[in-house]
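Before we start, here is the structure in question, set down as structure tokens.
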Amino acid sequence: MKSDINIPEVENVFLAAVQEWSDDFMEKVWYVYLINDSDFDLEGVMVVSKAFGTVDGEMKKTSLLRHAFPHIPSVSVVKIEMVETNVLRLNNEFMVTYFIGNTLYDKKFIFRAQTITPDYVEEVPILFVDGVIVR
């Protein structure tokens, strides 16, 4: 019964945290982008994010944030959300679900605690800026 369920592997779709200047905060802040580096358009994209972890021996978690994108073209990026400075010390989890044709794909991406820093940056495809990538 379980062997009849086909769970396709997510390929060439990933997340990147990029540090950018914010006029609202008058400092550099981290933004998370969804990168579609595939040859296929993504339809009905849903992103659910949360942060969780232990700080000073106490379990902390944020509320869920939900984002919907009806269409993300192939080889493109979309800005999802800003990551607050206070939650960079927590695990930041993003659950991404989308369709390619009639096939449903989903994957959980996690930026581990303390990894959204300049120490872990590399060049982000399509954006061509430095950022922290999770695949």
*asked:* Assess the residue pair Lys60 and Leu90 against the criterion (side-chain contact (heavy atoms from CB on, under 4.5 Å)); give the C-alpha distance rounded to whole Å, side-chain angles, the decisive distance to 0.1 Å, and a yes or no.
replied: CA-CA 8 Å; Lys60 301 279 185 182; Leu90 302 173; 4.2 Å; yes
*Where the side chain of Asn92 meets the backbone of Ala113, is there a donor-acceptor pair that is under 3.5 Å apart?*
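The answer is no, because no donor-acceptor pair under 3.5 Å joins these two groups.
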*Is a donor on one side and an acceptor on the other found under 3.5 Å between the side chain of Thr54 and the backbone of Gly57?*
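No; judged by distance alone, with no hydrogens or angles, the pair does not exist.
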*Using the side chain to side chain donor-acceptor pair (under 3.5 Å) rule, collect all pairs that involve residues 115-135, keeping only residues at least two apart or in two chains.*
none
*Do other residues, nucleotides or ligands put more than 12 heavy atoms under 6.0 Å from the NZ atom of Lys108?*
no
*asked:* Do Val83 and Leu88 make a side-chain contact, defined as non-hydrogen atoms from C-beta onward lying under 4.5 Å apart?
replied: yes
*asked:* On a heavy-atom basis, which atom in Trp21 and which in Lys28 lie closest, and how many Å separate them?
replied: CE3-N, 3.8 Å
_If you define the side chain from C-beta out and look only at heavy atoms, does anything of Val87 sit under 4.5 Å from Thr62?_
yes
*With no hydrogens and no angle check, do the side chains of Asp24 and Ser22 hold a donor and an acceptor under 3.5 Å apart?*
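No, no side-chain donor-acceptor contact under 3.5 Å.
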*Starting at CD of Glu84, measure out to CZ of Arg89 and round the result to the nearest 0.5 Å.*
11.5 Å
*With a 4.5 Å limit on heavy-atom distance, are the side chains of Val48 and Leu65 in contact?*
no
*Do you see a donor-acceptor pair shorter than 3.5 Å between the side chains of Ser49 and Glu81?*
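Their side chains do contain a donor-acceptor pair, which is all the 3.5 Å distance test asks for.
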_Single-linkage hydrophobic cluster Leu127~Phe14, side-chain heavy atoms < 4.5 angstrom_ = yes
*Same apolar cluster (I L V M F W Y, side chains within < 4.5 Å links), Met95/Val32*: no
*Heavy-atom side-chain contact between Ile133 and Leu15 under 4.5 Å*: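 Not touching, per the 4.5 Å side-chain cut-off.
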*Treat each ILVMFWY residue as a node, draw an edge where side-chain heavy atoms are under 4.5 Å apart, and state whether Val77 and Met46 are in one component.*
no
*Value rounded to 0.5 Å, distance of CG in Asp39 from CD in Glu11*: 11.0 Å
*Is it true that a side-chain atom of Asn36 and a backbone atom of Ser38 form a donor plus acceptor pair closer than 3.5 Å?*
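Side chain of Asn36 to backbone of Ser38, a donor-acceptor pair under 3.5 Å: yes, one is there.
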*Show the numbers, then the answer: is there a side-chain contact (heavy atoms from CB on, under 4.5 Å) between Val96 and Leu34?*
CA-CA 9 Å; Val96 179; Leu34 175 67; 4.2 Å; yes
*asked:* Would a single hydrophobic cluster contain both Phe99 and Val78, if residues Ile, Leu, Val, Met, Phe, Trp and Tyr are joined by side-chain heavy-atom contacts under 4.5 Å?
replied: no
_What verdict does the side-chain contact (heavy atoms from CB on, under 4.5 Å) test give for Glu93 and Phe52, after you've listed the backbone C-alpha separation in whole Å, the side-chain angles of each residue and the deciding distance to 0.1 Å?_
CA-CA 8 Å; Glu93 177 183 292; Phe52 61 92; 3.6 Å; yes
*Rounded to the nearest 0.5 Å, what separation is found between the CD atom of Gln19 and the CD atom of Glu27?*
9.0 Å
*How are the rings of Tyr105 and Tyr98 set to each other: parallel, tilted or perpendicular (split at 30° and 60°)?*
parallel
*Can you measure from CG (Leu64) to NZ (Lys50) and round to the nearest 0.5 angstrom?*
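Those atoms lie 6.5 Å apart.
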*Side chains of Leu104 and Thr97: does their closest heavy-atom pair fall under 4.5 Å?*
yes
*asked:* Testing the basics here: between Val10 and Asp106, what is the closest heavy-atom pair and its distance to 0.1 Å?
replied: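 Result for this residue pair: CG2-O, 3.8 Å.
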_Between Val132 and Phe111, does the side-chain contact (heavy atoms from CB on, under 4.5 Å) criterion hold? Intermediate values first, please._
CA-CA 8 Å; Val132 180; Phe111 292 95; 4.1 Å; yes
*For residues Ala16 and Ile35, report the shortest heavy-atom separation together with the two atoms involved.*
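Taking Ala16 first and Ile35 second, the nearest heavy atoms are CB-CD1, 3.8 Å.
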*Does some side-chain heavy atom of Trp30 sit less than 4.5 Å from a side-chain heavy atom of Thr85?*
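The answer is no; the side chains never approach within 4.5 Å.
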_Contact check, side chains of Ile80 and His67, non-hydrogen atoms, under 4.5 Å_ =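 The answer is yes, as the side chains (C-beta and beyond) meet within the 4.5 Å cut-off.
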*Taking all non-hydrogen atoms of both residues into account, name the closest pair between Met82 and Phe25 and its distance.*
SD-CE1, 3.4 Å
*Heavy atoms only: give me the nearest Ile126-Ser76 pair and the separation to one decimal.*
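Minimum heavy-atom contact is CD1-N, 3.8 Å.
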*asked:* Can you tell whether the side chains of Glu20 and Lys79 come within less than 4.0 Å, N to carboxylate O?
replied: yes
*Spacing of His71 atom NE2 and Leu42 atom CG [to the nearest 0.5 Å]*: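 These two atoms lie 8.5 Å from each other.
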*Is Ile110 reachable from Phe94 through a run of hydrophobic residues whose side-chain heavy atoms are each under 4.5 Å from the next?*
no
*Would you give the length of the straight line joining atom CG of Asn91 to atom CD1 of Ile116, rounded to the nearest 0.5 angstrom?*
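Between Asn91 CG and Ile116 CD1, I get 10.0 Å after rounding to 0.5 Å.
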